[in-house]
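As structure tokens, the structure follows; a few thoughts come after it.
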Amino acid sequence: PRYARYPPLKGEGKVGAMILAIDCSGNLCAACVYDAEVGKELGRNVLDLGKGHAEHLMGAIAGALGEAGIAYADLATIAVSVGPGSFTGLRVGVATARGLALALKIPAIGVTTLEALAAEARQAFFNRPVLAVLDGGRGENHAALYDELAVLRYGPAVTTLEGAAAMASDRAAVLAGNAAQRVAEAAGGAFDFGPLAPTADIAVYARLAAEKQPGEKPKPLYLRDADAKPQAGFVLPRAH
């Protein structure tokens with residue numbers, strides 16, 4: 001695929017300068033420290049786990065802080081991936097971000113995986129619409145469409161493969177995400193591709209958070225119910 005990774009873009013940032021970004025939305029357990037004032041990543045630690053985010057996230061954060069040469073007290077903002085993605089991973093990441101923000105008395109800012117994937121794609125393809133689309137399982141796709149100015153035009157939402165293909169063709173969009181190639185095949189056309197992964201580079205989450213104003217506390221973005229369901233057979237009948 002035609003895609004090149006670029007360093008985070010320099011920007012003034014609307015929140016405190018030193019940002020800790022964490023992402024547990026997929027297989028990765030990732031953390032990085034980003035200085036929004038100069039637009040530079042100072043340290044990172046990325047583990048490819050699959051599972052076990054809860055056991056390893058604090059260690060990943062410690063590694064990123066150590067590489068950056070700063071302490072928790074130096075942080076001004078926590079950025080966290082809110083999904084869509086792994087149910088368990090998202091809960092771990094968001095709970096950790098909110099807990100650190102509360103303890104440090106700093107804001108926590110959520111960034112969706114689709115927004116981050118689209119932003120990473122725009123680093124290589126400027127002024128182009130981007131359709132970020134992830135495999136949601138059960139034959140579903142989780143998608144978000146951003147226009148030439150990076151304004152959200154659709155989603156995040158569950159869509160069919162045909163629906164995603166129609167959006168991509170209609171807007172001549174750059175495709176990003178781990179379902180991007182499948183969408184391109186369904187559309188039957190030639191497309192440019194951004195990252196073909198289930199999540200974006202960790203520094204992208206930090207850079208996007210630097211451009212946001214703190215608002216509501218982050219919470220996981222679930223576009224469908226969890227696979228695990230309560231076993232109704234073990235529920236006791238209600239006494240009357």
Side-chain angles (χ1 to χ4, degrees), residues 5-49 53-83 85-86 89-124 150 195 197 199-221:
R5 188 180 297 277
Y6 285 75
L9 300 179
K10 182 176 180 180
E12 294 180 355
K14 296 180 179 179
V15 298
M18 211 63 70
I19 299 175
L20 170 68
I22 58 179
D23 176 23
C24 299
S25 62
N27 289 341
L28 301 181
C29 180
C32 88
V33 176
Y34 179 85
D35 187 339
E37 187 173 345
V38 298
K40 181 181 179 180
E41 180 187 316
L42 303 181
R44 69 165 54 202
N45 194 354
V46 179
L47 307 175
D48 192 348
L49 297 178
H53 295 86
E55 293 81 5
H56 293 91
L57 179 55
M58 295 307 296
I61 292 172
L65 291 172
E67 184 176 306
I70 69 168
Y72 280 106
D74 299 313
L75 296 173
T77 305
I78 310 292
V80 62
S81 169
V82 296
S86 160
L90 292 177
R91 286 196 293 270
V92 170
V94 170
T96 300
R98 290 178 60 158
L100 287 174
L102 180 63
L104 298 171
K105 296 180 173 58
I106 59 177
I109 296 177
V111 178
T112 74
T113 50
L114 297 168
E115 178 185 6
L117 284 163
E120 190 171 356
R122 282 195 302 275
Q123 292 179 4
T199 190
D201 182 77
I202 184 61
V204 177
Y205 289 97
R207 180 170 62 84
L208 288 173
E211 298 168 356
K212 296 176 180 286
Q213 293 284 2
E216 294 183 4
K217 295 177 181 179
K219 59 183 179 181
L221 174 63

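- Contact between I202 and A31 at its shortest, heavy atoms only, is CG1-C, 4.0 Å.
- When all heavy atoms are compared, the tightest approach of V94 to P218 is CG1-O, 3.4 Å.
- For the pair A76 and P107, the tightest heavy-atom approach, listed with the atom from each and the gap, is O-CD, 3.3 Å.
- Under the 4.5 Å side-chain criterion, counting only non-hydrogen atoms from C-beta, T96 is in contact with I61.
- At least one side-chain heavy atom of V82 sits less than 4.5 Å from a side-chain heavy atom of T112.
- The salt bridge (Lys or Arg N to Asp or Glu O under 4.0 Å) pairs that include a residue from residues 109-119 are E115-K212, where partners are two or more places apart or lie in different chains.
- We find the CD1-CG distance between I70 and D35 to be 8.5 Å, quoted to the nearest 0.5 Å.
- Taking both residues in full, the closest heavy atoms of A119 and V204 are given as CB-CG1, 3.9 Å, listed atom of the first, atom of the second, then distance.
- Annotation: the span from L100 atom CG to L75 atom CG amounts to 8.0 Å, rounded to 0.5 Å.
- Looking only at side-chain heavy atoms (C-beta outward), L42 and M18 come within less than 4.5 Å of each other.
- The minimum heavy-atom distance between A36 and I19, with the atom names listed, is CB-CD1, 4.0 Å.
- One distance of note links OH of Y205 with OG1 of T199; it measures 2.5 Å at 0.5 Å rounding.
- Legend: residues meeting salt bridge (charged side-chain N to carboxylate O under 4.0 Å, His left out) with R44, ordered by chain and number and at least two apart, are E41, D201.
- Minimum interatomic distance between D23 and A200 (heavy atoms only, all atoms of both residues): OD2-O, 4.2 Å.
- Once rounded to the nearest 0.5 Å, the distance linking CZ of R207 with SG of C32 reads 11.5 Å.
- Between the CD1 atom in I106 and the OG1 atom in T77 there is a gap of 6.0 Å [rounded to 0.5 Å].
- Annotation: the span from S81 atom OG to L28 atom CG amounts to 10.5 Å, rounded to 0.5 Å.
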